[in-house]
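Sequence lines set the chain letters: A, B, ... in the order given, protein chains first and strands last, and positions in each chain run from 1.
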Amino acid sequence: MSLLEVKNLHAEVAGGGRKILKGVNLSIEKGEIHAIMGKNGSGKSTLCQVLAGREVYTVTEGEVLFNGKDLLEQAPEERAREGLFLGFQYPVEIPGVSTSYFLKAAVNETRKHHGLPELDAMQFLKLVKEKMDLLHMDKSFMNRAINEGFSGGEKKRNEVFQMAVVSPLLGLLDETDSGLDIDALKTVSHGVNAIHQSDKDKAILLVTHYQRLLNYIVPDKVHVMIDGRIVKSGGKELALELEERGYDWVENEIAATA
Amino acid sequence: MTTVLEPTNSFVTSFEKVDGHRAAWVNELRQRGMTAFCEAGFPTAKMEQWRDTNVSAIAQTHFVPAPTATGKAVLQLAKQYSFGDTAAAELVFINGHFDPHLSTTSALAKGIKVLSLEKAFETENVLLEKHLGKHARIEQHPFAALNTGFVHEGALVHIAKGAITEKPIHLLFLTIPGTEAAVSQPRVLVVAEENSESSIVETYAGTDGSVYYTNAVTEIIAERSARIDHNKLQQEGNMAYHTALMQVVLSERAAFVSHSTSIGSKLTRNDLAVFMGGEFAEATLNGLVLAKDEQHIDNHTFLQHEKANCPSHELYKHVLADKSSAVFNGKIYVQKDAQKTDAKQTTKSLLLTNEATMNSQPALEIYADDVKCTHGSTIGPVDPNAVFYLISRGLSVAQARHLMTYAFAADITRRIKVAPVRVRIEDFMTAQHGLPQDLRITDQARHDVAMQ
């Protein structure tokens, strides 16, 4: 059984708005790294948001199984506690709440959900230090308010750090590379790889429209999304081909077979 | 005297029964207050400054002067609100009457006097005559005029030249309502001389379930280079009415910080006026309103920039639950000589329900041409993007909303230096908005240190 099984998923903007996902099929196994590539507006970010349970979208058709359970029936917080993580394209700034408090609450909610005892301050501190070392994070991060005054790069690093701490089964990273300079891109990629290598069961879905991220995080599978559907899938070489020939090449290929 | 009040109005009747004061100037002051009140009458919605706050319930209630109270309930309430030994001095008033047994002034530093007004009339008559009633503009504030008509009890705080108190001076006004709707009208005078530094807290609190009325006036004079950190914590009972004028007068280089927190009462109207009468004087006005049920809290502030080179910073935040409502009206007046004024006013309001309402109005009146005056106001619900961000990490919706609400208020709370005031606000946040223990500011500081 796949870790994530998306079947014929259709979604629109809530309240009968624009149709964005028009029959997505995707399956991800434990330990795999997948990348979804596509132009702006192709629906790849919407797919992440729908999987995470954002209520601004309504699922009109299809089903999603995550770790054997019906994902679409679960509230967003349940999905998180079941091991689904969304790294935001635009992480929200929350002044007045320290990252450490927020993450401790997140970790403990997940533990409670699984019938595990909550971590106390010392146990949490140990966990956090471990993850900070893994990602070469500065410890001042923990005392700063969530994303407040962070640069674009720091925000994305914080997303990856949060992923390391809550330790999900599947991390959806929505345009984690956008707005990063090459150094920040390397740092963030290093973090993702470190998390993946520390636990080979962890699966990751990268959403991006640039191939350059995939120079640093090597995917097992690459998918191309056009107009709300995954139209082509392949190995890591597909990303290179896309870089070289552009999305038009896939569009033309589809038009020819249609 | 033209009177717009019925002669049967309970205040007029009470005024006629008040015994004359020993000092002629006090009798004159009272008469001036009552005359001004009778001429103005109770404010109505037709008056620009009272458009959004209806005080007809106060006008229509027959209030009697609050009798004093004793007993277990009094001791319990006093204990609940006392700062204990964290205060440099604590004067406790029960239903407006000074209680010497519950009060303590033994830990005061040299050069600082904290007296009940009654006592001060005996020993500090010259100082009182010089300042009492000389600053509050009773012609513009009918309730302040009414308070002046009954000047009797309250407190005098006198900080002598160069004197310093780090610990707060706590003036605690408690009401334990009896069977009749009662009014108390405390009067506070603070005179902070040159180069002094002080921390002053006024707490107004009472028990729930009965109608009563507190009508307070505070006059604060900060002389050259005096620094005052002032807190007002309003936690009146849930059926109480509270009106108050605080008039502050700043001389050259004086620095005044105000934290006004409104949590209790059914209806509150605070007027805070700061007269910046010397160059390089600085005023910081922070306000926090935490309202629920059908509470109505109105804050009117008035920053009067009379001299050049004075900065003023104003930040008022409102957290409105249920069907509560609030008003913020912030006037900034810059006289033509007040060049290089730097005035910044911000108000932010969080509406937790669709039924809560906020009315926010800045009012800038500027006659100088080389000034910087900014104002901004935001009103909205808890940010749904932030809530989604938090729940996508596993927090519940309630937890996320609480966290956002707490963080919104903590922006003000963390600026409050007096720990017992912060604790009272956080206790309320815990009861009302699920603030967890480890997010309290002191605990968080401890936690942050542990994280180093």
Side-chain angles (χ1 to χ4, degrees), chain A residues 48-49 51-56 75-88 90-113 121-122 124-125 128-129 132 139-148 159 162-163 165-166 168 172, chain B residues 286 288 315 317 319 346 348 350 378 380-416 422 425-426 429 433-452:
Chain A
C48 291
Q49 303 264 331
L51 292 177
R54 183 136 221 178
E55 67 281 319
V56 295
E77 58 273 28
E78 279 181 85
R79 301 180 193 196
R81 294 168 195 166
E82 284 285 326
L84 186 86
F85 178 92
L86 172 62
F88 281 57
Y90 303 109
V92 183
E93 292 192 24
I94 307 181
V97 181
S98 72
T99 303
S100 61
Y101 174 79
F102 158 56
L103 276 180
K104 183 161 167 265
V107 166
N108 280 334
E109 284 306 312
T110 299
R111 291 181 64 89
K112 271 196 280 185
H113 180 75
M122 291 316 291
F124 176 70
L125 189 62
V128 159
K129 284 199 163 149
M132 282 185 158
K139 59 188 174 183
S140 70
F141 244 96
M142 288 301 282
N143 289 339
R144 292 170 71 181
I146 303 168
N147 295 321
E148 190 185 17
E159 294 296 285
Q162 289 180 32
M163 181 167 89
V165 173
V166 301
L172 311 172
Chain B
N286 295 328
L288 179 61
L315 175 62
K317 290 190 138 189
V319 177
T346 309
K348 294 183 178 178
L350 190 59
T378 58
V382 178
D383 177 7
N385 291 323
V387 170
F388 183 70
Y389 187 73
L390 295 170
I391 65 173
S392 79
R393 301 292 184 258
L395 273 67
S396 69
V397 175
Q399 253 179 325
R401 285 177 60 90
H402 284 155
L403 209 51
M404 295 298 296
T405 305
Y406 172 65
F408 179 86
D411 180 26
I412 295 279
T413 323
R414 67 184 168 79
R415 297 166 204 253
I416 295 174
R422 237 172 30 218
I425 298 170
E426 293 188 326
M429 294 300 292
H433 301 290
L435 166 66
Q437 184 65 35
D438 47 1
L439 262 189
R440 286 172 170 252
I441 285 163
T442 35
D443 286 276
Q444 218 185 349
R446 219 175 291 137
H447 170 84
D448 287 354
V449 169
M451 283 288 161
Q452 297 298 323

How close do B:Val397 and A:Glu77 get, heavy atom to heavy atom, and via which atoms?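 Heavy-atom minimum between the residues: CG2-OE2, 3.9 Å.
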Which pair of heavy atoms, one from A:Ala80 and one from B:Arg393, lies closest together, and at what distance?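 Heavy atoms of A:Ala80 and B:Arg393 come nearest at CB-C, 3.8 Å.
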Those residues that, when tested against B:Asn385, pass side chain to side chain contact (heavy atoms under 4.5 Å, CB included) (two or more places apart):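 Per chain and number, B:Asn385 pairs via side chain to side chain contact (heavy atoms under 4.5 Å, CB included) with A:Arg54, A:Val92, B:Asp383.
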In chain order, what residues pass the side chain to side chain contact (heavy atoms under 4.5 Å, CB included) check against A:Glu55, with sequence neighbours excluded?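 In terms of side chain to side chain contact (heavy atoms under 4.5 Å, CB included), with neighbours along the sequence ignored, A:Glu55 is linked to no residue.
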Only heavy atoms, only distances under 4.5 angstrom. Which residues in residues 398-405 of chain B are near chain A?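 Listed by number, the contacting residues are B:Gln399, B:Leu403, B:Met404.
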Using heavy-atom distances under 4.5 Å, tell me whether [X] contacts chain B through its side chain, its backbone, both, or neither.
X        : value
A:Pro95  : backbone
A:Ile146 : side chain
A:Ile94  : side chain
A:Gln162 : side chain
A:Pro91  : both

Whether over 12 other heavy atoms sit under 6.0 Å from B:Lys348 NZ: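 No, the 6.0 Å shell around NZ holds no more than 12 heavy atoms from other groups.
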For chain B, the option from A:Glu109, A:Met163, A:Arg79 that forms the most heavy-atom pairs under 4.5 Å: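 Of A:Glu109, A:Met163, A:Arg79, A:Glu109 has the most heavy-atom pairs under 4.5 Å with chain B.
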Roughly how far apart are A:Tyr101 OH and B:Tyr406 OH, rounded to 0.5 Å?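 The OH atom of B:Tyr406 is 10.0 Å from OH of A:Tyr101, to the nearest 0.5 Å.
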How many angstroms lie between NE2 in A:His113 and OG in B:Ser396, if you round to the nearest 0.5 Å?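 Answer for the NE2-OG pair, A:His113 versus B:Ser396, is 13.5 Å.
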side-chain contact (heavy atoms from CB on, under 4.5 Å) evaluation trace for B:Phe388 with A:Val56: CA-CA 11 Å; B:Phe388 183 70; A:Val56 295; over 6 Å; no
With sequence neighbours excluded, what pairs up with A:Glu93 under the salt bridge (charged side-chain N to carboxylate O under 4.0 Å, His left out) test?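 Result, salt bridge (charged side-chain N to carboxylate O under 4.0 Å, His left out) vs A:Glu93: A:Lys155.
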